[in-house]
Number of protein chains: 2
Amino acid sequence: MAVKDWLPPGVVGVERKLKAGQALFRLGTRTAGLYEVTSGKVRLVRVDPAGREAVLHVAAAGDTIAEASLFSPTYHCDAIATTNAVVRLYPKDALLAQLQSNPSAAQAFMAMLGRQVMSLRTRLEQRNIRSARERVRHYLAVNVGADRRTVVLPGTLKDLAADLGLTHEALYRTLAQMTAAGEIARLRGKIRLIHADLA
Amino acid sequence: MAVKDWLPPGVVGVERKLKAGQALFRLGTRTAGLYEVTSGKVRLVRVDPAGREAVLHVAAAGDTIAEASLFSPTYHCDAIATTNAVVRLYPKDALLAQLQSNPSAAQAFMAMLGRQVMSLRTRLEQRNIRSARERVRHYLAVNVGADRRTVVLPGTLKDLAADLGLTHEALYRTLAQMTAAGEIARLRGKIRLIHADLA
DNA sequence: CGGCGTTTTGAGAGAGCTCAACATCGGTGG
DNA sequence: CCACCGATGTTGAGCTCTCTCAAAACGCCG
């Protein structure tokens with residue numbers, strides 16, 4: 001899912017540094033292209049009529065923003081650096097030209113978008129689950145490895161908690177309960193599912 | 001966002017009726033193409049090691065499923081009709097051929113996917129908000145019309161509540177509170193934002 | 001008019017959040 | 001090697017907010 005996995009050859013990115021609070025682009029301005037966040041965090045926001053920010057997305061290192069802007073003349077929201085950040089701009093015209101002329105590049109791009117849609121829909125569905133325990137179970141079921149037993153944790157439990165939409169305390173407690181119940185076992189950076197009912 | 005807005009010309013869909021509980025496709029089977037749900041509901045699920053279903057997505061009338069399957073030889077989850085349903089299959093090979101040979105079709109498809117990613121990210125961000133009131137505010141801010149005052153409600157309030165991840169009771173109460181506080185006014189099928197602080 | 005789904009309001013309970021304290025681990029520097 | 005420090009991990013206790021269950025008013029359509 002990293003940029004280099006789908007970026008057409010010949011499109012070069014331009015780095016840009018942002019101070020915390022600095023705007024990368026603003027609603028209504030002409031689209032320059034697609035950005036990849038190299039470090040730090042950038043938030044996409046729309047300012048509501050009362051002057052408050054409504055956050056549309058928070059992009060962290062490795063994330064891309066404004067994919068849709070490739071097909072729009074202007075940006076549809078503001079992008080503001082939440083922390084000091086470094087972004088890389090992939091210019092719209094070069095990228096579009098490649099996607100037009102290079103079918104396999106276009107296909108890679110479509111495939112990436114398709115996977116993202118799937119992943120986002122899954123995470124959204126996960127949020128429909130109220131119970132912390134069931135939500136964790138959902139996460140484990142969806143992210144279990146090919147062995148159907150091991151789940152590799154991508155980062156810290158704190159990060160995972162944020163991903164799951166839980167406080168880290170709630171996540172710790174839930175994992176402790178599930179461990180006590182013999183449902184899972186915790187290893188370094190991994191969780192193993194334990195199921196008595198082996199088919 | 002409807003299929004006809006981006007579907008390449010020359011790709012014809014094949015209808016298929018499903019009884020409630022019937023599988024449309026199964027994990028690991030060869031991908032036939034992309035489906036549009038015409039009526040009813042279809043859920044995408046993965047069966048977890050304990051035999052329970054983990055729902056990845058519930059597609060209703062108008063939704064498409066398995067966009068990513070175009071670029072994969074096999075399906076990555078099961079699709080099962082939750083209700084009696086009608087789906088329309090757009091065969092993978094015809095669709096891919098069009099996307100390959102017809103750049104503007106490819107572009108329309110990419111644009112659609114990009115918009116979907118954006119919309120899903122926004123909805124996901126919305127779910128990070130705990131407070132019903134703030135969540136409603138977020139929704140209103142994101143969906144306000146060009147006049148920056150009117151929000152058109154797509155369906156019933158009950159549907160909206162489900163979209164927002166709230167019970168309908170919670171939504172009714174919240175709207176009542178906001179109305180009482182003079183923050184919004186409710187019209188038939190619309191909500192008007194009221195802001196004292198007009199710039 | 002009768003029935004069904006939406007809308008609305010009420011009361012109570014439960015689950016996760018908040019605040020707080022402490023443990024643990026890894027890195028840093030004296 | 002050890003003391004220190006920050007971030008992660010862990011557990012406790014209380015509270016708030018939404019969910020749940022319940023009941024009733026309303027609107028729409030046959």
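Residue numbers begin at 1 in each chain, while the letters A, B, ... track the order of the sequences.
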Pairing donors with acceptors under 3.5 angstrom, does anything connect the side chains of B:E36 and B:Y90? yes

Between D:dA7 (P) and A:H168 (NE2): distance, integer Å: 13 Å

From CD of B:E169 over to C1' of D:dA25, roughly how many Å is that when rounded to an integer? 15 Å

Length of the CZ-P vector between B:R133 and D:dT18, whole Å: 10 Å

Any base atoms under 4.0 Å from B:R135, or only sugar-phosphate, or nothing? Heavy atoms, all strands. nothing

Which residues share a salt bridge (Lys or Arg N to Asp or Glu O under 4.0 Å) with B:E169, sequence neighbours left out: none

Sorted by position of nearest nucleotide on DNA chain C, 5' first, the leading residue of B:L175 and A:L171 is B:L175

Taking atom types as they are modelled, is there a donor-acceptor pair under 3.5 Å from the base of C:dG10 to the side chain of B:R173? yes

Atom-pair distance (CG on B:N128; P on C:dC17), nearest Å: 11 Å

Interatomic distance where NZ belongs to B:K158 and P belongs to D:dC26 [whole Å]: 19 Å

Per A:T156 side chain, nearest of listed nucleotides D:dG9, C:dT18, C:dT7: D:dG9

Interatomic spacing from CG in A:L113 to CE in A:M118 - rounded to 0.5 Å: 12.5 Å

Sugar-phosphate only, base, or nothing, as touched by B:G155 at under 4.0 Å among non-hydrogen atoms: nothing

Among D:dT11, C:dT18, C:dT9, the nucleotide that comes nearest once only the side chain of A:Y172 is considered: D:dT11

Distance col, row B:L140:CG vs B:L153:CG, nearest 0.5 angstrom, shows 8.0 Å

Take the protein atom CD1 of B:I129 and the nucleotide atom P of C:dC17, then report the distance between them rounded to whole Å. 15 Å

Distance in Å, B:L7 CG paired with B:R88 CZ, rounded so as to fall on 0.5 Å steps: 10.0 Å

Would you mind telling me which of D:dT10, D:dG9, D:dT20 lies closest to the side-chain atoms of A:R186? D:dT10

Return the value, rounded to whole Å, for the distance between atom CG of B:L157 and atom P of C:dG5. 17 Å

Between D:dT18 atom P and B:L164 atom CG, what is the distance in whole Å? 13 Å

Let's see if you can work this out: which of C:dC17, D:dT10, D:dA22 has an atom nearest to the side-chain heavy atoms of A:T167? C:dC17

Under 3.5 Å donor-acceptor pair, A:R188 side-chain atoms to D:dT8 base atoms: no

Please tell me if A:R130 has a side-chain N or O lying less than 4.0 Å from either OP1 or OP2 of C:dG16. no

